[in-house]
Amino acid sequence: MIVTKSGRRMFPTLQVSFAHLNPSLSYSVLVDLESVDDKRYRYSFHQSKWTATGQGEVQLPGRSFVHPDSPSLGAHWMRGGISFDKLKLTNNQLDDNGHVIVNSMHRYRPRIHIVCHSLNNSIHSFSFPETAFIAVTAYQNHRITSLKIESNPFAKGFRESDVDESTRAAFPMLFPLFSLTMPRSS
DNA sequence: TCTGACACATA
DNA sequence: CTATGTGTCAG
């Protein structure tokens, strides 16, 4: 995940849905980052893989991102998926914008906290290993760069051969859309 | 390895 | 129009 001094959004965005909350109780939802280990990582372009190298650095302020809908009733949280697209990461240890601070070339795992205000601020925490990432200051792997460029709307300017939606609509004969159906397996 | 100006995108 | 989110690239 790219981090900058001024703060960078995570992409793809962290999204969650909720079940079994009490619809009429008040909750807040927070995200923070857990250090997966105390190692510093290095990317070997030759072997196309990350390896843990030396001792990592400790980060001073372990900040958390409070979802802007907080606080809300359980009914609100369960209404649909919740997105953390406003969450920003920074490598600036002196950041005063309230962004989540990380060390570049270190590995992190997002953690989601549900605080129930109506129940003495009791907290339930969840984390998903598949959302772990390594913070970088510049992309190390071109396949990741491609993933971002192809799927992040803000990076559309770097796409090479994508056809504009209105152009496709105006000249359907030039940009036919074929649908492929896989044969059934028995 | 990291930074900041930049062109080009969204909202 | 303004404000802001992208990766690029030279240093």
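Protein chains get the first letters and strands the later ones, always in sequence-line order, with residue 1 at the start of each. Predicted model only: the values in this text are computed from it and were never measured.
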In whole angstroms, how far is the [atom2] atom of [N] from the [atom1] atom of [X]?
| X | N | atom1 | atom2 | value |
| --- | --- | --- | --- | --- |
| F158(A) | dC9(C) | CZ | P | 8 Å |
| M105(A) | dC2(B) | CE | C1' | 11 Å |
| K5(A) | dT6(C) | NZ | P | 20 Å |
| R159(A) | dT6(C) | CZ | C1' | 11 Å |
| E150(A) | dT6(C) | CD | P | 16 Å |
| I149(A) | dT8(C) | CD1 | C1' | 9 Å |
| N92(A) | dG4(B) | CG | P | 10 Å |

(message) Using a 4.0 Å heavy-atom cut-off, does S104(A) contact any base of the nucleic acid, only the sugar-phosphate backbone, or nothing at all?
(response)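 Sugar-phosphate, no base atom in range.
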
(message) Is the phosphate of dC8(B) approached by K156(A) (side-chain N or O, under 4.0 Å from OP1 or OP2)?
(response)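 The answer is no; no side-chain N or O of K156(A) sits under 4.0 Å from OP1 or OP2.
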
Give every pair of a protein N or O atom and an N or O atom of nucleotides 2-5 of chain C that lie under 3.5 Å apart, one pair per line with the distance.
residue : atom : partner : partner atom : Å
dG5(C)  : OP1  : K88(A)  : NZ           : 3.0
dG5(C)  : OP2  : K88(A)  : NZ           : 2.9
dG5(C)  : N2   : F154(A) : O            : 3.1

Kindly list each side-chain donor-acceptor pair under 3.5 angstrom involving residues 113-132 of chain A, sequence neighbours excluded, with atom names and distances?
residue : atom : partner : partner atom : Å
H113(A) : ND1  : S125(A) : OG           : 2.6
H113(A) : NE2  : D32(A)  : OD1          : 3.1
H113(A) : NE2  : D32(A)  : OD2          : 3.1
H117(A) : ND1  : N121(A) : OD1          : 3.0
H117(A) : NE2  : S28(A)  : OG           : 2.6
S118(A) : OG   : S26(A)  : N            : 2.9
S122(A) : OG   : L119(A) : O            : 3.4
T131(A) : OG1  : F128(A) : O            : 2.6

If the condition is side-chain hydrogen bond (donor to acceptor under 3.5 Å, both in side chains), which residues does [X] pass it with, not counting sequence neighbours?
| X | value |
| --- | --- |
| Y108(A) | none |
| Y43(A) | N141(A) |
| H76(A) | D69(A) |
| T51(A) | none |

(message) Suppose the criterion is salt bridge (charged side-chain N to carboxylate O under 4.0 Å, His left out): which pairs have a residue in residues 89-99 of chain A, not counting sequence neighbours?
(response)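 The answer is R63(A)-D95(A).
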
Pair up each side-chain donor or acceptor in residues 3-20 of chain A with any protein partner under 3.5 Å, not counting sequence neighbours, and list the distances.
residue : atom : partner : partner atom : Å
T4(A)   : OG1  : G7(A)   : N            : 3.1
T4(A)   : OG1  : G7(A)   : O            : 3.4
R9(A)   : NE   : D85(A)  : O            : 3.2

(message) Looking at every non-hydrogen atom in both residues, tell me the closest pair between D37(A) and Y41(A) and how far apart they are.
(response)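 Smallest heavy-atom distance, with atoms named: OD2-OH, 2.5 Å.
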
(request) Under the side-chain contact (heavy atoms from CB on, under 4.5 Å) rule, collect the residues that match up with P23(A), sequence neighbours excluded. (result)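 side-chain contact (heavy atoms from CB on, under 4.5 Å) check on P23(A) returns A75(A), M78(A).
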
(request) Could you list the residues that satisfy side-chain contact (heavy atoms from CB on, under 4.5 Å) with S104(A), not counting sequence neighbours? (result)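 For S104(A), the residues satisfying side-chain contact (heavy atoms from CB on, under 4.5 Å) (neighbours in sequence not counted) are T137(A).
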
(message) Donor-acceptor check, side chain of W77(A) to backbone of L21(A), threshold 3.5 angstrom: yes or no?
(response)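 Flag not set: sc W77(A) to bb L21(A) has no pair under 3.5 Å.
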
(request) Could you identify which residues of residues 134-148 of chain A place a heavy atom less than 4.0 Å from some atom of DNA chain C, listed by residue number, or say none? (result)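 Result for residues 134-148 of chain A: Y139(A), T145(A), K148(A), sorted by number.
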
(request) Within residues 31-50 of chain A, find the residues that approach DNA chain C with a heavy atom at under 4.0 Å, and present them sorted by residue number. (result)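 Going residue by residue through residues 31-50 of chain A, none turns out to have a heavy atom under 4.0 Å of DNA chain C.
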
